[in-house]
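Report on the following structure.
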Amino acid sequence: MRYLGVELDTRLSFTKHVHQASLKACQSALAIGRLMPNIGGPSHSKRALLGSVTNSKMLYASPAWAVRGTKTAKNRLAMARAQRTVALRTIRAYCTVSAEASSILASMLPADLLATERTRIRSRMDDQTDENAYQHP
């Protein structure tokens, strides 16, 4: 079932959602990559900005699915694959560079950590709004 762009399955493992989001992010990364040649082209900051489009597509509604969706290695690998494509274009590297090295050089945090962090931030914001609701009658 699909609800507000998030694929829900019977076990709420979000495997299908992570796969679909990573696939869309990979397609965006490839399309952006075609716009930017490895030699020459836009500066590093402009490349990183265009790369944030991929992260935004991949991490859509992550506070809802990150806790369960990032537990499996399959999901983390799918997210890392999309990020690697962006990282390679950001640093103007060839496909022989590893995912870890390209992420470090591009100053990109792993997507599973970003999703978990967004979940933590969201829960803190919810806690603060609950406190404010109890203080003001």
Side-chain angles (χ1 to χ4, degrees):
M1 183 171 104
R2 186 179 194 102
Y3 183 72
L4 294 175
V6 178
E7 293 281 339
L8 301 171
D9 55 357
T10 55
R11 294 184 179 197
L12 290 178
S13 63
F14 298 102
T15 302
K16 187 172 181 182
H17 173 75
V18 170
H19 176 71
Q20 290 288 349
S22 296
L23 185 65
K24 286 181 182 180
C26 231
Q27 289 172 348
S28 294
L30 290 173
I32 291 169
R34 286 187 208 105
L35 296 173
M36 298 181 294
N38 262 355
I39 299 171
S43 65
H44 177 77
S45 59
K46 290 178 185 170
R47 288 172 177 268
L49 177 66
L50 292 174
S52 68
V53 171
T54 302
N55 273 344
S56 295
K57 281 192 171 194
M58 190 168 23
L59 298 175
Y60 172 73
S62 62
W65 57 261
V67 174
R68 300 276 310 262
T70 59
K71 283 187 178 180
T72 62
K74 180 181 178 182
N75 289 350
R76 289 191 303 268
L77 182 65
M79 290 189 286
R81 190 175 299 123
Q83 272 197 318
R84 181 177 182 270
T85 306
V86 172
L88 289 174
R89 284 298 179 177
T90 302
I91 62 172
R92 299 176 186 181
Y94 293 107
C95 60
T96 56
V97 177
S98 69
E100 293 83 11
S102 62
S103 293
I104 289 170
L105 291 172
S107 301
M108 292 176 71
L109 294 172
D112 59 324
L113 293 179
L114 288 172
T116 306
E117 182 65 16
R118 286 184 180 189
T119 303
R120 192 178 67 78
I121 291 169
R122 178 63 187 200
S123 67
R124 280 183 138 184
M125 288 174 53
D126 288 344
D127 290 344
Q128 286 178 351
T129 57
D130 289 343
E131 278 183 15
N132 292 338
Y134 290 124
Q135 289 175 358
H136 296 81

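Quantities reported herein were computed from a predicted structural model and do not represent experimental measurements.
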Measure the spacing between CZ of R81 and CG of L77 and express it to the nearest 0.5 Å.
-> 4.5 Å
N75 vs T72, side-chain hydrogen bond (donor to acceptor under 3.5 Å, both in side chains): CA-CA, chis, key distance, verdict = CA-CA 6 Å; N75 289 350; T72 62; 3.1 Å; yes
Under 3.5 Å, is there a donor-acceptor pair between the side chain of R84 and the main chain of C95?
-> yes
To the nearest 0.5 Å, tell me how far R118 CZ sits from W65 CH2.
-> 9.0 Å
Of all the heavy-atom pairs spanning T119 and A66, show the shortest one and how long it is.
-> OG1-CB, 3.1 Å
What's the spacing between M58 CE and M79 CE if we round to 0.5 Å?
-> 7.0 Å
OG1 of T116 to CG of L109: how many Å apart, nearest 0.5 Å?
-> 11.5 Å
Under a 4.5 Å cut-off applied to non-hydrogen side-chain atoms, are L114 and Q83 in contact?
-> yes
Under 3.5 Å: donor-acceptor pair, side chain of S103, backbone of E100 | no
Any chance the side chains of S123 and D126 put a donor and an acceptor closer than 3.5 Å?
-> no
What's the shortest heavy-atom distance between A29 and A82, and which atoms?
-> CB-O, 4.4 Å
Which atom pair, heavy atoms only, marks the closest approach of A115 to T70?
-> CB-CG2, 4.3 Å
Treat each ILVMFWY residue as a node, draw an edge where side-chain heavy atoms are under 4.5 Å apart, and state whether Y60 and V18 are in one component.
-> yes
Nearest-0.5 Å distance, CG of residue L30 to CZ of residue R89 = 8.5 Å
Does E117 offer a backbone N or O that forms a donor-acceptor pair with the side chain of R122 under 3.5 Å?
-> no
Starting at OG of S102, measure out to CZ of R92 and round the result to the nearest 0.5 Å.
-> 15.5 Å
